[in-house]
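As structure tokens, the structure follows; a few thoughts come after it.
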Protein chains: 2
Amino acid sequence: MDDRTAIEALSALAQEHRLRTFRMLVKEGPSGLPAGEIAARIEIAPSALSFHLSHLERAGLLRAWRVKRHVYYAVEVEGMRKLLAFLTEDCCRGRPELCGELTGWAADDARER
Amino acid sequence: MDDRTAIEALSALAQEHRLRTFRMLVKEGPSGLPAGEIAARIEIAPSALSFHLSHLERAGLLRAWRVKRHVYYAVEVEGMRKLLAFLTEDCCRGRPELCGELTGWAADDARER
DNA sequence: GACATATTTCAATTTTTCTTGAATTATTGA
DNA sequence: TCAATAATTCAAGAAAAATTGAAATATGTC
């Protein structure tokens, strides 16, 4: 992932309404939510939400599909995974001890499964 | 970490000059670099750099200390770790398989040590 | 103390991002 | 086809972020 792409993803998450939207969609899982439902829950105008959703989609963090009149949005896991990989490689590679606790729970997690 | 703090850290990294500065300082390690050296390397005005460094420091991603006439900056590992924890918990908790590769290398890493 | 160096602060300007409300597009069901 | 619903697009304005250059602060050296 190059810097430009990383900045697109980071700035997509670095905004109140978009971060809340993203977190909400992580909780919803792959079935996602229609735009109108998201707008109602976070209480912003539909047109404002459209603007934010398109930023998140352009950044590769959401995907969208139409069902009847509704456009559903859900987390694009691969995009988030790439962003996390970019950040962890920058932070930890060469000095993995520096992200100890993070590595810790990931390892715990792997052990549990 | 609350949303407000996460947004501060994400927006700190979501800018060309700040991301380059941060990546440069990750490579430098704990000894860090003086502000003037950073400004020279990324080729921006010292006053512009000051603005960006203070954003990164306020976000908890850098720390600063003075040595003679120079002010050194280095990565604040704990801040980066907290940001990564926030993002991975949001992305993976409840569905850890979704960040498989990330978990993968972290686990490998733990095994190697 | 006087001067040089390193950095930050400040005010002004420019640029970018976000919101608003109206208009438009797309889809469905009567 | 017509009306209703869901969402997006667009243009205008407001708000926030970034850059600039000058001035101020801090430190070290002679």
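Here is how names work: the chains are called A, B, and so on, in the same order as the sequence lines, proteins then strands, and each is numbered from 1.
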Open item on the list: Under a 3.5 Å distance rule, please check whether R18(A) uses its side chain to pair with a backbone N or O of A12(A) as donor and acceptor.
Closed with: yes
Distance, rounded to the nearest Å, where [X] contributes [atom1] and [N] contributes [atom2]:
{"X": "L56(A)", "N": "dT17(C)", "atom1": "CG", "atom2": "P", "answer": "14 Å"}
{"X": "E37(A)", "N": "dT5(D)", "atom1": "CD", "atom2": "P", "answer": "17 Å"}
{"X": "H17(B)", "N": "dA17(D)", "atom1": "NE2", "atom2": "C1'", "answer": "13 Å"}
{"X": "H52(B)", "N": "dT15(C)", "atom1": "NE2", "atom2": "P", "answer": "15 Å"}
{"X": "L49(B)", "N": "dT20(D)", "atom1": "CG", "atom2": "C1'", "answer": "14 Å"}
{"X": "I44(B)", "N": "dA6(C)", "atom1": "CD1", "atom2": "P", "answer": "17 Å"}
{"X": "E43(A)", "N": "dC18(C)", "atom1": "CD", "atom2": "P", "answer": "20 Å"}
{"X": "L53(A)", "N": "dT19(C)", "atom1": "CG", "atom2": "P", "answer": "12 Å"}

[options]: which one has an atom nearest the side-chain heavy atoms of [X]?
{"X": "S50(B)", "options": "dT8(C), dT19(D), dT8(D)", "result": "dT8(C)"}
{"X": "R18(B)", "options": "dA7(D), dA18(D), dT7(C)", "result": "dA18(D)"}
{"X": "R69(B)", "options": "dT29(D), dT8(D), dA6(D)", "result": "dT29(D)"}
{"X": "F51(A)", "options": "dC18(C), dA7(D), dA6(C)", "result": "dC18(C)"}
{"X": "H70(A)", "options": "dA6(D), dT20(D), dT8(C)", "result": "dA6(D)"}
{"X": "P46(A)", "options": "dT19(C), dT8(D), dT27(C)", "result": "dT8(D)"}
{"X": "Q15(B)", "options": "dT19(C), dT19(D), dT27(D)", "result": "dT19(D)"}
{"X": "S47(A)", "options": "dT8(C), dT19(C), dA22(C)", "result": "dA22(C)"}
{"X": "Y73(B)", "options": "dC18(C), dT8(C), dT29(D)", "result": "dT8(C)"}
{"X": "H55(A)", "options": "dC18(C), dT28(C), dT9(C)", "result": "dC18(C)"}

Open item on the list: Working note: I42(B) + M24(B), criterion side chain to side chain contact (heavy atoms under 4.5 Å, CB included); need CA distance, chi angles, decisive distance, verdict.
Closed with: CA-CA 9 Å; I42(B) 69 176; M24(B) 181 185 295; 3.5 Å; yes
- [ ] Respond yes when some side-chain nitrogen or oxygen of K68(A) is under 4.0 Å from OP1 or OP2 of dG29(C), and no when none is.
- [x] yes
Open item on the list: Using the rule given for side chain to side chain contact (heavy atoms under 4.5 Å, CB included), can you reason through Q15(A) versus I7(B), listing the C-alpha separation, both sets of side-chain angles and the distance that settles it, and then say yes or no?
Closed with: CA-CA 6 Å; Q15(A) 206 274 345; I7(B) 287 168; 5.9 Å; no
TODO: Please step through side chain to side chain contact (heavy atoms under 4.5 Å, CB included) for the pair F86(A) and D3(A), ending with a clear verdict.
DONE: CA-CA 9 Å; F86(A) 175 86; D3(A) 281 22; 4.1 Å; yes
Open item on the list: Regarding Y72(A), tell me which of base, sugar-phosphate or nothing describes its non-hydrogen contacts under 4.0 Å with the strands shown.
Closed with: nothing
TODO: Look at all strands and tell whether A48(B) reaches a base, only sugar-phosphate, or nothing, counting heavy atoms closer than 4.0 Å.
DONE: base
- [ ] Apply the test side chain to side chain contact (heavy atoms under 4.5 Å, CB included) to residues L13(B) and L83(B): give CA-CA distance (whole Å), side-chain angles for both, the deciding distance (0.1 Å), then the verdict.
- [x] CA-CA 11 Å; L13(B) 294 176; L83(B) 174 61; 3.9 Å; yes
